[in-house]
Amino acid sequence: MIIGLAGNPNSGKTTLFNDLTGSSQYTGNWPGVTVEKKDGKLKGHPDVTIQDLPGIYSLSPYTLEEVVSRQYLVHEQPDAIINIVDGTNIERNLYLTTQLLELGLPTLIAINMVDVLEKTGVTIDTKKLEKELGCKVMTISALKGKGTKEAAKEAIRLAKAHEVGKRPEIFSGDLLKAIQEIEGKLDGDMKRWFAIKLFERDNKIIQDNNLNPDLKTVVEPIINKIEDEEDDDAESIITSARYEYITNLTRQCVVASKKQTKSLSDKIDSIVTNRYLALPIFAIIIFIMYYISVTTVGTWMTDWTNDVLFGEIVPNALTALCSTLGVADWMQHLLIDGVVGGVGTVLGFVPQILLIFVFLSILEDTGYMARIAFIMDRLFRKFGLSGKSFIPILIGSGCGVPGIMAARTIEDEADRRMTIMLCTFIPCAAKTEIIAMISSVFFHGSAWIATSMYFLSLAVIVLSGIALKKTRFFAGESAPFVMELPAYHLPQAKTVLMRVLERGKHFIVKAGTIIFAVSVITWFLMSYTPTLQYIDPESAAVSKSILRYIGEFIAPIFAPLGFGNWEGGVSVLIALSAKELAASTVVVLAGKAGVATLFTTMGAFSYMILNLFNPPCIAAMGTIWREMGSRFWAIFAISYQLVLGYVLSFITYQLGSFLFYGASLGIGQIVAIGLVLGIIYMVVRPGYREPVGELVNA
Ligand code: GDP
Ligand code: MG
C-alpha cells in the first residue's frame, strides 16, 4: 500500500516522512529541497510505503516540483494521500487542498504545526472543516511527533476502505454549469479534475492522459462564454473561485484568540529581517561561526589532530608496526609520507569542518537560514537576479555538489545555468580549510579573514550575476520567488546531529577515495625522479622529483599571482581534484620548514583567492557537467571559473603589493587596473535587450 505526502513547500512533509519511516531525509526549511519523491516503509508496517513528494502550491505544471508531484498523483495514484497543511498558514495551504480533493483519491488532511498554533492561541475547528471539505481532518505536530501515528493509521484505514470523501462544491452559478458540462464529456474517477484543467486550457492534460484531442475545440466555446461573462481569463476565474471559497471557509473554521499578541517569531523577525540590520546581523553570525570553528575551538582541535594524532601517534604506531612486520622501505614511506601525510592532513581538519557543519545545521534548523534566503532575495532582486538562486548558494556553504543540484528547482534555464556557474564560489567546507591554514600561518588566525572571504564570494557572485545578466545568453526577467517563513524553533539535537553526520559522511568518504588516490599519486610523483630513482626525503633538496619538474614547468603561470615557486603551482593543480588538497599539499611540500617559507603574505593571500574562485573540485565539476546537460555550457562554466579565479588573484596580488607592500607601479599594476576597469564596465554597462518584433522573421 502506498501513501503519498502532498503539501506546500515547508509544510513539514519531510519532517513527517522522517517521523513515520524513521529515516533521515534532509528537511530544509526552504522550498525545493525535495525535487524527487522519496519513499520509505512505515515503521512497524512493512507493507505500507510512505512517499515524500516535492512541495507544491498547486497542481498546475509550471514548476519542476509541480510536474513531478502531479505526474505521480495522477498517473501512479497512491492508495491514499495525506495532505499536510501548515496550520500557521492555513489559507494559502488550502488552495492546494481544494485541488487535491478533486483527484478523487482517499485523502486525509493533516494540519501540522499545532505546537506553534497552541502557543499563538489559534484554534482550528477540525469538525467543521471535516464537514465542509467532506474528508477526514486531523491535527499533528510532525516535529514533536504528536498525532502522527494516529494520522498514519487513519490513512491506512481510508486506503483499505477506499474511502473517498464527499467532494466540496467550490464553484457555483454559470461557472459550475460550464464545468459540469465539460465533465459530461469525460468519464472515470478523475473527470472533475480533468474538466477543470480543460477549462483552464491546461492542454498538457490532453497529451499526458491520452484524452481525445478534439476536446480542446469542443470545450472552447464553453470557456469563451464564461470568460466573456466574467471579463477575465479562464485560469484566473478558477483561481479566484478557489480563493473565495477558502476565505469563507477559514473565516468559519479558524479562531484566533483575542489576546493574541505578536508572536515571538514575528518579534525576532522584525529585527533579524530589518532592512538595515539584516546584513550586519548576518555578518556577525558568520563571524561567530568562523571565530569558533576556524580560529579558536576548531584550531585547538585541529592542531591536536594534525600535530599529535597524525603527526606523532599514527606515524609512530605505523613505523613500529612496519618494522615488526618487516615491510619494505618504500612501502613504509608510502604509508607514512603519502597516506598519513596526505589523507591525515585532510582528516586533521575534520574537527573544524564538523564545527562548521554544526553551526550551519543549527542555523538551518532554527529557521534562520530561511530568513537569509528571504533577505538575499530582496537584495538579489534589486539587481535583477533571481532570489531562488540564493538557496543553492546557502547549501553550497557546506558542499558545492548538493548546492549545484539544488539549482534544479530554478525553472528559468538561463538563471539555472548561471546559478550552477556561480554557486560554488561560496567557500565550501574544503575551501574553508585553505582559509583556515592561510589565516593561521599568515594572519594570526584572525576570523576576519574567513568572514571577509565569505562576503567577498557573495559579492563576486552578485557582481558576476549582474554582469552575466547583461549578456544576451542570460538576459531576461527573473521569476519571483515565493516562500513561507517557518516559525523559529529551538534547534532539535536529533535533526542537527543527523545533518552533521550526513555532511560529515560525504567528507570522510571523499577522504577515503579521491583524496586517498590523489595523495598516493602525489607521493609517487614527489618521491621519484623521472628515471624512477627513489628520493630519500632527507636529500630531497639535491635530486629533483617528477612533481618538481612539473611544478617548475608550470610555475611561470603563477608568478604574476605572487607565488612563482613550484610548490604553489603544483598544489593549485592538485587542488583541482579536491580543494582539501590545496592546504594539505602545501603543508606536505613545505615539510619541516613550514608553510610560512613558501609564500610572502601577499602571495599567500593571492593563493587563497585563486583557490576560492577556481573550479571547485572533480566531484563538483562532474556535477556541473551533468546538471548543465550540455557540453558547451559545462565547458563555459568551468572556463569562466578558471579565468575569473586567475584574474581576481592577479588583481589582488598586483594591487595589494602596490598598495600595502610598497611595490612600484609597473606593467603588472597597470594591467590589473585595466582589468578592474573592464570588470566595472561589464557590471555597469546597459544590459542586452531582447529585440522586439523580429521574432517573426526568425
Ligand atoms: P517540507 O518542505 O514540507 O518537506 O517541510 P520540512 O519537513 O522540511 O519542514 C520545514 C520546516 O518546518 C522545518 O524547519 C521543520 O523543522 C519545521 N516543522 C515541521 N513540522 C513542524 C511542526 O510540527 N512544528 C514546528 N514548530 N515546526 C515544524
Ligand atoms: Mg521536504
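All values derive from a computational prediction rather than experimental measurement. When a ligand or atom number is given, it counts from 1 through the structure's own listing order.
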Task: For Phe17, ring-ring contact (aromatic ring centres under 6.0 Å, His included) partners two or more places apart - done: none
TODO: Determine whether the side chain, the backbone, both or neither of Asn8 has a heavy atom under 4.0 Å from any heavy atom of ligand 1.
DONE: backbone
- [ ] Could you tell me whether ligand 1 has any atom less than 4.0 Å away from a heavy atom of Gly55?
- [x] no
Open item on the list: Show me which atoms of ligand 1 lie under 4.0 Å from any heavy atom of Ser141.
Closed with: 22 (C), 23 (O), 24 (N)
Task: Charged N-O contact under 4.0 Å between Lys146 and Glu118 - done: yes
Open item on the list: If you measure every N or O of Val114 against every N or O of ligand 1, does any of those distances drop under 3.5 Å?
Closed with: no
Task: Contact partition for Asn10 relative to ligand 1, non-hydrogen atoms under 4.0 Å - done: both
- [ ] Identify, by atom number and element, the atoms of ligand 1 in contact range of Val116, meaning under 4.0 Å from any of its heavy atoms.
- [x] 26 (N)
- [ ] Can you sort out the partners of Trp625 under ring-ring contact (aromatic ring centres under 6.0 Å, His included), two or more places apart, ordered by chain and number?
- [x] none
Task: Ile140, any N or O under 3.5 Å of ligand 1 N or O - done: no
TODO: Kindly confirm or rule out a cation-pi arrangement of Arg92 over Tyr57, judged by NZ or CZ under 6.0 Å from the six-membered ring centre and within 45° of its axis?
DONE: yes
Open item on the list: Counting only heavy atoms closer than 4.0 Å, does ligand 1 sit against the backbone of Leu143, its side chain, both, or neither?
Closed with: both
Task: Proximity of Asp115 to ligand 1 by residue part, where a heavy atom lies under 4.0 Å - done: side chain
Open item on the list: Can you tell me which portion of His489 lies within the under-4.0 Å heavy-atom range of ligand 1? Options are side chain, backbone, both, or neither.
Closed with: side chain
